[in-house]
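None of these values were measured; they are calculated from a predicted model. Hydrogens, waters and symmetry mates play no part in the numbers below; they use all other heavy atoms, side chains included.
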Amino acid sequence: MYEDFVRNRISQLRISKGVSEYKMSYDLGHSRGYIYNISSGKALPPMSEFFAICNYFGITPGEFFDENNNSPELVSKACEELKSLSESDIRLILKFIERLKESK
């Protein structure tokens, strides 16, 4: 169950980042088939590599496992940027988000 989730999530994040399996394998310092082997079900990354994969995507392990978050890298970046804003600016952004949700 979790094995499939990990494989699928890595593929989802990789595709949304616009990176090939080969490039991601290379960027992580592995042979060209490393990510393919994970995606195809031949292997799972050890914990140290799992953390490296999360780092590669700019997300935390918690964000990796958040099934309701289809764009964890973007959400993480948005949260980091929010930290530099004033409270009143953050409230304005929250109102804007609520308005966008209403228009769905």
Side-chain angles (χ1 to χ4, degrees):
M1 177 178 176
Y2 287 112
E3 293 89 357
D4 289 339
F5 177 82
V6 169
R7 291 179 182 113
N8 293 334
R9 185 66 159 175
I10 290 171
S11 294
Q12 173 201 13
L13 294 169
R14 179 186 57 75
I15 291 166
S16 70
K17 188 175 177 104
V19 177
S20 69
E21 289 175 340
Y22 169 75
K23 173 137 176 50
M24 184 175 170
S25 296
Y26 178 76
D27 290 346
L28 291 170
H30 292 282
S31 67
R32 67 182 300 147
Y34 180 72
I35 295 300
Y36 170 78
N37 287 337
I38 292 171
S39 299
S40 68
K42 294 180 182 177
L44 278 174
M47 286 303 292
S48 60
E49 279 302 310
F50 170 73
F51 291 127
I53 289 169
C54 288
N55 189 49
Y56 181 78
F57 291 121
I59 60 174
T60 66
E63 291 166 330
F64 181 91
F65 286 105
D66 183 356
E67 296 180 65
N68 298 318
N69 187 352
N70 292 327
S71 303
E73 185 175 7
L74 291 174
V75 172
S76 181
K77 285 181 181 178
C79 288
E80 281 302 311
E81 293 298 326
L82 284 171
K83 291 176 184 178
S84 67
L85 300 178
S86 68
E87 184 176 332
S88 62
D89 287 343
I90 294 171
R91 289 184 190 283
L92 284 172
I93 291 171
L94 285 173
K95 286 181 183 178
F96 181 70
I97 291 169
E98 290 167 359
R99 186 170 179 192
L100 288 173
K101 285 175 54 179
E102 288 173 2
S103 66
K104 277 189 168 182

Chemist: Look at atom NZ of Lys17 and say whether more than 12 heavy atoms of other residues, nucleotides or ligands are closer to it than 6.0 Å.
Modeler: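 Counting other residues, nucleotides and ligands, NZ of Lys17 exceeds 12 neighbours.
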Chemist: Using links of under 4.5 Å between side-chain heavy atoms of ILVMFWY residues, direct or through other members, which residues join Phe96 in one cluster?
Modeler: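 ILVMFWY cluster around Phe96 also holds Leu100.
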Chemist: So which pairs with a foot in residues 82-91 pass salt bridge (Lys or Arg N to Asp or Glu O under 4.0 Å), sequence neighbours left out?
Modeler: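 Only Glu80-Lys83, Glu87-Arg91 qualify under salt bridge (Lys or Arg N to Asp or Glu O under 4.0 Å).
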Chemist: Name every donor-acceptor pair, under 3.5 Å, that has one atom in a side chain of residues 33-40 and the other anywhere in the protein, sequence neighbours excluded.
Modeler:
unit_1	atom_1	unit_2	atom_2	d
Asn37	ND2	Gly33	O	3.3
Ser39	OG	Ser11	OG	3.3
Ser39	OG	Ile35	O	3.1
Ser40	OG	Tyr36	O	2.9
Ser40	OG	Asn37	O	3.4

Chemist: Restricting to side-chain contact (heavy atoms from CB on, under 4.5 Å), what partner residues turn up for Leu44, sequence neighbours left out?
Modeler: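 side-chain contact (heavy atoms from CB on, under 4.5 Å) list for Leu44, sorted by chain: Glu3, Val6, Arg7.
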Chemist: For residues 64-73, please give each side-chain donor-acceptor pair under 3.5 Å, one per line with the distance, not counting sequence neighbours.
Modeler:
unit_1	atom_1	unit_2	atom_2	d
Asp66	OD1	Asn68	N	3.1
Asn69	OD1	Ser71	N	3.1

Chemist: What heavy-atom pair brings Cys54 and Pro61 nearest, and what distance separates the two atoms?
Modeler: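 Scanning both residues, the minimum pair turns out to be SG-CA, 3.8 Å.
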Chemist: Please name the pair of heavy atoms, one in Ser84 and one in Glu81, separated by the smallest distance, quoted to 0.1 Å.
Modeler: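 Where Ser84 meets Glu81 most closely, the heavy atoms are OG-O, 2.8 Å.
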Chemist: Answer yes or no: are there more than 12 heavy-atom neighbours, outside Phe50 itself, under 6.0 Å from its atom CZ?
Modeler: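 Yes, the 6.0 Å shell around CZ holds more than 12 heavy atoms from other groups.
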Chemist: For residues Gly58 and Ser76, report the shortest heavy-atom separation together with the two atoms involved.
Modeler: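 For Gly58 versus Ser76, the nearest heavy atoms are O-OG, 3.5 Å.
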Chemist: How would you list, by chain and number, every residue that makes a side-chain hydrogen bond (donor to acceptor under 3.5 Å, both in side chains) with Glu98, sequence neighbours excluded?
Modeler: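 Checked Glu98 against side-chain hydrogen bond (donor to acceptor under 3.5 Å, both in side chains); zero matches.
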Chemist: In the hydrophobic clustering that connects Ile, Leu, Val, Met, Phe, Trp and Tyr at side-chain heavy-atom distances below 4.5 Å, which members other than Val75 occupy its cluster, ordered by chain and number?
Modeler: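 Members besides Val75: none; it forms no cluster.
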Chemist: Are Tyr26 and Val19 linked, directly or through other ILVMFWY residues, by side chains that come within less than 4.5 angstrom of each other?
Modeler: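 In one cluster: no.
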Chemist: Can you list every pair that meets salt bridge (Lys or Arg N to Asp or Glu O under 4.0 Å) and has a residue in residues 18-39, with sequence neighbours left out?
Modeler: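 Non-adjacent pairs meeting salt bridge (Lys or Arg N to Asp or Glu O under 4.0 Å): Arg14-Glu21, Lys23-Asp27.
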Chemist: List for me each residue that meets salt bridge (charged side-chain N to carboxylate O under 4.0 Å, His left out) alongside Arg9, sequence neighbours excluded, and say none if there are none.
Modeler: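 For Arg9, no residue satisfies salt bridge (charged side-chain N to carboxylate O under 4.0 Å, His left out) once neighbours in sequence are set aside.
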Chemist: Is there a path of hydrophobic side-chain contacts, each under 4.5 Å between heavy atoms, that joins Phe51 and Phe5?
Modeler: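 Yes, because Phe51 and Phe5 connect within a single hydrophobic cluster, where side-chain heavy atoms sit under 4.5 Å apart.
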Chemist: If every non-hydrogen atom of Leu28 is compared with every non-hydrogen atom of Ala52, which pair is closest and at what distance?
Modeler: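 So the minimum-distance heavy-atom pair works out to CD2-O, 3.9 Å.
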Chemist: For Tyr56, check ring-ring contact (aromatic ring centres under 6.0 Å, His included) against everything at least two apart and list the hits.
Modeler: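 Listed in chain order: nothing, the list is empty.
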Chemist: Quick one: name the residues clustered hydrophobically with Leu85, using the 4.5 Å side-chain heavy-atom rule over I, L, V, M, F, W, Y, and just say none if it's on its own.
Modeler: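 Cluster partners of Leu85: Leu82, Ile90, Ile93, Leu94, Ile97.
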Chemist: To the nearest 0.5 Å, what is the distance between CG on Leu13 and CE on Met24?
Modeler: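 Result: 8.0 Å between the selected atoms.
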Chemist: With Lys42, which residues qualify under side-chain hydrogen bond (donor to acceptor under 3.5 Å, both in side chains), at least two apart?
Modeler: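 So Lys42 forms no side-chain hydrogen bond (donor to acceptor under 3.5 Å, both in side chains) with any residue.
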